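Computed from a predicted model, the values in this text were never measured in an experiment.
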Amino acid sequence: LFRGGKVYFDPMTGEELGVEAIYSGDAIVSQPGEVATLSLTYTNREVMVGERLLPVEEEDFELNFFPRTPSHPMEGMIISVFDGVSQVGQYQIIVLNLGHRDGLETGHVLSVYKAGKTISDAVSEDRKDTVTLPDEHAGEAMVFKLYDKVSYAIVMKATTSMHLFDKVRSAQ
């Protein structure tokens, strides 16, 4: 059982990347028919009217992979955080706007950079001038689940808090 979540958009291009599917639980058909009856076998949140049913499929999930840096430079962003928290820390799951089509693979390690703030330029003669500070290294994340346009990564190391729209780049 799944309900539709937010639509993922690429913050740089505006391209729609996919729709979040929020897992609610498992059910089996107890009375088949055009209008069927289901028995819930497991739930992890309230099951609501309008949720979608998807058949259980063999999971194409790599259990053995090795952390490694991508073979070519990559840049992307954190576009969502699992369970909707606003700050990201170690061992949390993030959604990236990079996927198979970008050459990303399971096990790739990416560095996360906190976007540099734009502040008033204290040394400029014009007090309206601003300057953008450099991006700050915030940690490392490893990709564990891939789709064509997005991927899921786990934050393996966090030296400072991370947020939505922070940047990710090939690890050095």
Side-chain angles (χ1 to χ4, degrees), residues 1-12 14-68 70 74 76-102 104-115 138-168 171:
L1 299 162
F2 292 89
R3 67 181 68 145
K6 61 185 166 188
V7 178
Y8 294 139
F9 289 97
D10 188 306
M12 303 303 289
E15 176 188 11
E16 185 177 320
L17 302 176
V19 178
E20 178 181 40
I22 301 169
Y23 172 73
S24 298
D26 297 330
I28 58 170
V29 177
S30 55
Q31 290 284 357
E34 189 173 324
V35 177
T37 301
L38 301 174
S39 296
L40 299 175
T41 58
Y42 171 80
T43 62
N44 66 350
R45 59 178 35 104
E46 179 182 13
V47 176
M48 302 171 70
V49 172
E51 294 206 5
R52 305 289 183 206
L53 302 170
L54 296 173
V56 175
E57 296 177 0
E58 278 297 313
E59 184 66 35
D60 181 23
F61 193 77
E62 292 182 53
L63 297 176
N64 298 310
F65 50 86
F66 300 98
R68 65 199 184 286
M74 292 193 177
M77 296 178 100
I78 298 172
I79 60 170
S80 185
V81 181
F82 193 71
D83 278 341
V85 296
S86 62
Q87 291 192 24
V88 182
Q90 191 168 357
Y91 305 129
Q92 287 190 284
I93 306 299
I94 55 178
V95 182
L96 308 176
N97 66 336
L98 299 170
H100 275 299
R101 72 177 183 178
D102 302 295
L104 200 60
E105 297 175 7
T106 302
H108 275 168
V109 176
L110 302 170
S111 293
V112 180
Y113 290 87
K114 192 174 196 171
E140 308 292 331
M142 182 177 64
V143 175
F144 68 89
K145 182 69 175 167
L146 279 163
Y147 296 94
D148 189 45
K149 300 178 185 180
V150 298
S151 59
Y152 288 93
I154 185 167
V155 176
M156 299 301 295
K157 177 182 171 187
T159 55
T160 185
S161 63
M162 302 169 196
H163 300 86
L164 279 179
F165 309 118
D166 279 351
K167 299 172 186 174
V168 294

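Between the Ser24 side chain and the Val47 main chain, no donor and acceptor come within less than 3.5 Å of each other. Side-chain atoms of Thr106 do not come within 3.5 Å of backbone N or O of Lys145 as any donor-acceptor pair.
Residues Leu1 and Leu40 form a side-chain contact, since some pair of their non-hydrogen atoms from C-beta on lies under 4.5 Å apart. Counting heavy atoms from C-beta outward, Asn97 and Val150 have side chains that stay 4.5 Å or more apart. Between Tyr147 and Leu17 there is no side-chain heavy-atom pair separated by less than 4.5 Å. Residues Val95 and Tyr152 form a side-chain contact, since some pair of their non-hydrogen atoms from C-beta on lies under 4.5 Å apart. Counting heavy atoms from C-beta outward, Gln90 and Met156 have side chains that stay 4.5 Å or more apart. Within the 4.5 Å cutoff, no side-chain heavy atoms of Val88 are placed close to those of Val112. Contact annotation: the side chain of Asp10 never approaches that of Ile79 to less than 4.5 Å [non-hydrogen atoms, C-beta and beyond].
Contact record, Gly89 with Ala158: C-CB, 4.2 Å, taken as the closest heavy-atom pair. Met162 and Gly139 get closest at one heavy-atom pair: CE-CA, 3.7 Å. Scanning both residues, Leu38 and Ala27, for their nearest heavy atoms gives CB-CB, 4.1 Å.
At most 12 non-hydrogen atoms from other residues, nucleotides or ligands lie less than 6.0 angstrom from CZ of Arg52.
Atom CD1 of Ile22 sits about 10.0 Å away from atom CE of Met48, to the nearest 0.5 Å. Atom CE of residue Met77 and atom CG of residue Asp166 lie 8.0 Å apart, to the nearest 0.5 angstrom. Separation of atoms OG (Ser80) and CD (Glu20) is listed at 5.5 Å; rounding is to 0.5 Å. Atom CG of residue Asp148 and atom CG of residue Asp102 lie 8.5 Å apart, to the nearest 0.5 angstrom. Here the CG-CG distance, from Asp26 to Leu53, works out to 11.0 Å after rounding to the nearest 0.5 Å. Between the NZ atom of Lys149 and the CG atom of Leu98 there is a distance of 13.5 Å, given to the nearest 0.5 Å.
Counting only residues at least two apart or on different chains, the ring pair (Phe, Tyr, Trp, His ring centres under 6.0 Å) pairs with a member in residues 23-58 are Phe2-Tyr23.
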Q. Would Met142 and His108 count as a side-chain contact (heavy atoms from CB on, under 4.5 Å) if you check the C-alpha gap in whole Å, the side-chain angles of each, and the deciding distance to 0.1 Å?
A. CA-CA 6 Å; Met142 182 177 64; His108 275 168; over 6 Å; no
